[in-house]
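Notes to accompany the following structure.
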Amino acid sequence: MNYEFTIPSGSLGLTSDRAIKADRGLSRQVSFSLLTAKFGDGYEQRGLNGINNKQEQLSVSFNNREYREGNLIAAFFDSKAALNFDLKITNNRDVEASTPTEAYETIRVACDGYNLVYVNDTTISIQAQFRRVYEPTA
């Protein structure tokens, strides 16, 4: 499974679009917003709460990147503070046998925070937390 986002040309001094791919070992936690009514005999009723009831938290890493790329990623996250961006996900299905909508999924996310690890004089690693949001492009 691949996760990537694009830093568009014209932002952060780029002259062309730049695709940034996250490293392997990604974490995608899914939960659902539910309304629950519990009764005294152990019986309960559940129903989905709202139309956008799927909640997702994603933990992604960008390990051992050159400072230039690491600083670009951090600057992009800083520029998107409280704003959303699109994250393209290539699912684990057989891409050759799948239709494009089955093989690829694009979700809108917000970066809730990130950690910088200064590995050495030329290398930086970033761990970021994304949250799926349901809103128009910022």
Side-chain angles (χ1 to χ4, degrees):
M1 192 171 265
N2 292 321
Y3 291 66
E4 75 177 48
F5 60 89
T6 300
I7 302 175
S9 63
S11 65
L12 305 175
L14 294 177
T15 57
S16 61
D17 289 354
R18 178 93 180 258
I20 304 292
K21 290 187 179 187
D23 293 341
R24 292 182 182 180
L26 310 162
S27 170
R28 186 176 185 183
Q29 182 182 7
V30 177
S31 62
F32 296 94
S33 179
L34 301 173
L35 294 173
T36 305
K38 294 185 179 189
F39 302 95
D41 60 356
Y43 178 79
E44 67 181 33
Q45 287 182 315
R46 291 170 305 284
L48 295 173
N49 185 14
I51 58 171
N52 297 319
N53 48 54
K54 185 176 182 180
Q55 301 167 355
E56 295 183 70
Q57 301 287 329
L58 301 106
S59 296
V60 296
S61 297
F62 308 90
N63 292 317
N64 300 317
R65 307 292 175 112
E66 292 181 7
Y67 264 96
R68 181 174 291 205
E69 183 179 13
N71 288 334
L72 180 66
I73 294 168
F76 178 75
F77 292 157
D78 289 344
S79 74
K80 289 295 185 178
L83 301 175
N84 63 59
F85 57 96
D86 288 338
L87 181 67
K88 182 179 177 183
I89 300 166
T90 305
N91 291 316
N92 257 350
R93 299 183 184 113
D94 180 4
V95 176
E96 296 295 324
S98 300
T99 65
T101 55
E102 292 174 338
Y104 303 103
E105 176 184 10
T106 299
I107 63 173
R108 189 147 297 138
V109 297
C111 181
D112 284 342
Y114 62 93
N115 298 319
L116 298 171
V117 178
Y118 299 96
V119 178
N120 58 39
D121 292 345
T122 61
T123 308
I124 192 170
S125 292
I126 301 171
Q127 289 83 38
Q129 298 78 39
F130 297 162
R131 178 177 41 86
R132 183 176 190 164
V133 295
Y134 297 93
E135 54 195 30
T137 302

Enter the distance from [X]:[atom1] to [Y]:[atom2] here, rounded to the nearest 0.5 Å.
X      : Y      : atom1 : atom2 : answer
Leu58  : Ile89  : CG    : CD1   : 6.0 Å
Ser31  : Gln57  : OG    : CD    : 7.5 Å
Leu35  : Arg46  : CG    : CZ    : 12.0 Å
Arg108 : Arg132 : CZ    : CZ    : 10.0 Å
Glu44  : Thr36  : CD    : OG1   : 5.5 Å
Thr6   : Arg18  : OG1   : CZ    : 11.0 Å

Return yes if some donor-acceptor pair links the side-chain N/O of [X] with the main-chain N/O of [Y] below 3.5 Å, else return no.
X     : Y      : result
Asn84 : Pro136 : yes
Ser16 : Ser9   : no
Ser11 : Pro8   : yes

*Got more than 12 heavy atoms from elsewhere within 6.0 Å of CG, Asp121?*
no

*asked:* Does Gln29 have more than 12 heavy atoms from other residues, nucleotides or ligands lying within 6.0 Å of its CD?
replied: no

*Under the side-chain contact (heavy atoms from CB on, under 4.5 Å) criterion, do Asn63 and Gln127 qualify, and how do the steps go?*
CA-CA 8 Å; Asn63 292 317; Gln127 289 83 38; 3.4 Å; yes

Show the nearest heavy-atom pair for residues [X] and [Y], with the distance to one decimal.
X      : Y      : answer
Phe39  : Ala37  : CE1-O, 3.6 Å
Gln55  : Ser33  : NE2-CB, 3.4 Å
Ala128 : Phe62  : CB-CE1, 4.5 Å
Leu116 : Ala74  : CD2-CB, 4.2 Å
Glu66  : Ile124 : O-CG2, 4.0 Å
Glu4   : Leu87  : O-CD1, 3.4 Å

*Candidate list Asn71, Ile126, Leu72, Ile73, test side-chain contact (heavy atoms from CB on, under 4.5 Å), partner Arg65, passing option*: Ile73

Do [X] and [Y] sit in the same hydrophobic cluster, where Ile, Leu, Val, Met, Phe, Trp and Tyr count as joined when their side-chain heavy atoms come under 4.5 Å apart?
X     : Y      : result
Leu14 : Phe77  : yes
Tyr67 : Ile7   : yes
Leu83 : Val133 : no

*Is there a donor-acceptor contact under 3.5 Å linking the side chains of Tyr114 and Asp78?*
yes

*What do you reckon, are the aromatic ring centroids of Phe130 and Tyr3 less than 6.0 Å apart?*
no

*Could you give me the CA-CA distance, side-chain angles and deciding distance for Phe76 and Cys111, then say whether side-chain contact (heavy atoms from CB on, under 4.5 Å) is met?*
CA-CA 10 Å; Phe76 178 75; Cys111 181; over 6 Å; no

*Full working for side-chain contact (heavy atoms from CB on, under 4.5 Å) between Leu48 and Leu34*: CA-CA 5 Å; Leu48 295 173; Leu34 301 173; 3.5 Å; yes

*Step by step, would you call Glu69 with Ile20 a side-chain contact (heavy atoms from CB on, under 4.5 Å)?*
CA-CA 9 Å; Glu69 183 179 13; Ile20 304 292; 3.9 Å; yes

